[in-house]
Structure formats: structure tokens, C-alpha cells
Amino acid sequence: MRKILKSLVIWSSLMLLFNACYNDNEYDLYPFSGAQCDSTNVSYSKTIVPITSANCNSCHSTSNPSGNVITDTWAGLSKVANNGKLWGGVNWEPGYVTMPNLGVKLSACDLGKIKNWINQGAPNN
Ligand code: HEC
């Protein structure tokens with residue numbers, strides 16, 4: 001019984017620690033750093049492509065799409081943009097696999113840009 005309790009305590013502390021580290025992203029630490037961030041003026045080619053090239057395409061290319069998700073074409077990305085999986089993944093919503101997988105959460109600025117593009121209907125512009 002004591003053993004079980006002890007391992008429970010250790011596990012919960014580890015979970016807390018793990019979560020604490022993972023929540024150390026720009027958005028939580030500096031919620032107002034968005035001041036210099038222009039997330040209003042977004043287009044697929046100028047705003048979204050640089051984000052996916054830097055953070056997603058290594059695992060989600062057309063030739064090797066993890067989880068059958070393609071992020072290096074508009075067709076592939078707009079599909080997950082419109083079915084909720086893109087936002088769920090990058091914003092680490094409950095029930096979605098966190099993206100970038102095993103990586104660091106995107107900055108609040110990048111998240112704002114993605115959100116705005118999704119809200120506009122994920123246009124190919
Ligand atoms: C290190 C590799 C890796 C990177 C980088 C990565 N992904 Fe993923 N992604 C995966 C894997 C593996 C899966 C499948 C996970 C599963 O089904 O368990 C996945 C699944 C997804 C899904 C489907 C999630 C779901 O719940 O169905 C979406 C959407 C996604 N990724 C988007 C992205 C975006 C956007 C980026 C960049 C911000 C990104 N991924 C970066 C590996 C990666």
C-alpha cells in the first residue's frame with residue numbers, strides 16, 4: 001500500500017513538472033508580447049507557408065505525411081484547417097495530439113496568424 005502511495009506521489013509530481021515545463025511558452029509567460037505582432041494581415045503564401053515550412057513540413061510532407069496530414073500544400077493544410085484539427089493540434093487543445101509533435105508550442109504570434117487565417121476560411125491567397 002505504501003509503495004503504491006509513494007509511486008502515486010512521484011507520478012503526480014512528475015506530471016506537474018512535465019506540464020509546468022510544457023506550459024513555459026511565450027503566450028503564458030509574456031501574454032502582452034503580441035504588441036509587436038501583426039496577426040491581422042495574413043495570407044497563405046506570405047504568412048502561413050513560412051510557419052509550416054519551419055515547423056511542420058519535416059513530418060507532414062506530401063511524400064511522407066505523418067498521421068495522413070499534409071502541411072506542405074494548400075490543399076492538405078486547408079483540409080485540417082477546416083475540420084478543426086489544425087487549431088486543435090497547434091493550440092494543444094484537449095483531445096488533439098500536440099503539434100509540433102514532441103516539440104515546442106508555436107509562439108502566440110504564430111498562433112494568432114494561424115487562427116486568423118482559419119477564421120477567414122483558410123483561403124489560398
Ligand atoms: C516531429 C514530427 C512532427 C512535427 C514537427 C509536426 N507533426 Fe503533426 N503529427 C505528427 C504525427 C506523428 C502525427 C500523428 C499523431 C497520431 O495520430 O498519434 C501528427 C498529427 C497531426 C495532425 C492530426 C492531429 C489529430 O488529432 O488528428 C495535425 C493537424 C498535425 N499533425 C499538424 C501539424 C502542424 C500544423 C505542425 C506544425 C506546427 C505539425 N503537425 C508538426 C508529427 C509531427
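Heads up: numbering here begins at 1 and tracks the sequence. Atoms within each ligand, like the ligands themselves, are counted from 1 in listed order.
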How far is atom 5 (C) of ligand 1 from its nearest protein heavy atom, and which residue and atom is that? N55 O, 3.3 Å
Where do L77 and Y44 land on the side-chain contact (heavy atoms from CB on, under 4.5 Å) test, with the steps shown first? CA-CA 10 Å; L77 193 68; Y44 171 70; 4.0 Å; yes
P123 versus W117: any side-chain heavy-atom pair under 4.5 Å? yes
What part of L77, side chain from CB on, backbone N/CA/C/O, both or neither, has a heavy atom under 4.0 Å from ligand 1? neither
Got a second to check how far C109's SG is from D38's CG, nearest 0.5 Å? 8.0 Å
Have a look at N57 and tell me which of T62, T71, N64, D72 forms a side chain to side chain donor-acceptor pair (under 3.5 Å) with it. T71
Could you list which atoms of ligand 1 come closer than 4.0 Å to a heavy atom of Y96? 26 (O)
Any protein heavy atom at under 4.0 Å, with atom 36 (C) of ligand 1 as the reference point? yes
Protein contact of atom 29 (C) of ligand 1 - nearest heavy atom, named by residue and atom, plus distance: K85 O, 3.4 Å
Do I48 and W74 land in one hydrophobic cluster if side-chain heavy atoms of ILVMFWY residues count as linked below 4.5 Å? yes
How many protein N, O or S atoms are found at a distance of less than 2.8 Å from atom 8 (Fe) of ligand 1? 2
Interfacing atoms of ligand 1 (cut-off 4.0 Å, heavy-atom, V90): 35 (C), 38 (C)
Kindly indicate whether the side chain of L111, heavy atoms from C-beta on, has any atom under 4.5 Å from the side chain of K105. yes
Under the side chain to side chain contact (heavy atoms under 4.5 Å, CB included) test, which residues partner N101, sequence neighbours left out? V97, M99
Among the clusters formed by ILVMFWY side chains lying less than 4.5 Å apart, do I114 and V42 turn up in the same one? yes
Taking atom CG of N68 as the centre, report whether more than 12 heavy atoms of other residues, nucleotides or ligands fall under 6.0 Å from it. no
Decide whether the shortest distance between a heavy atom of L102 and an atom of ligand 1 is less than 4.0 Å. no
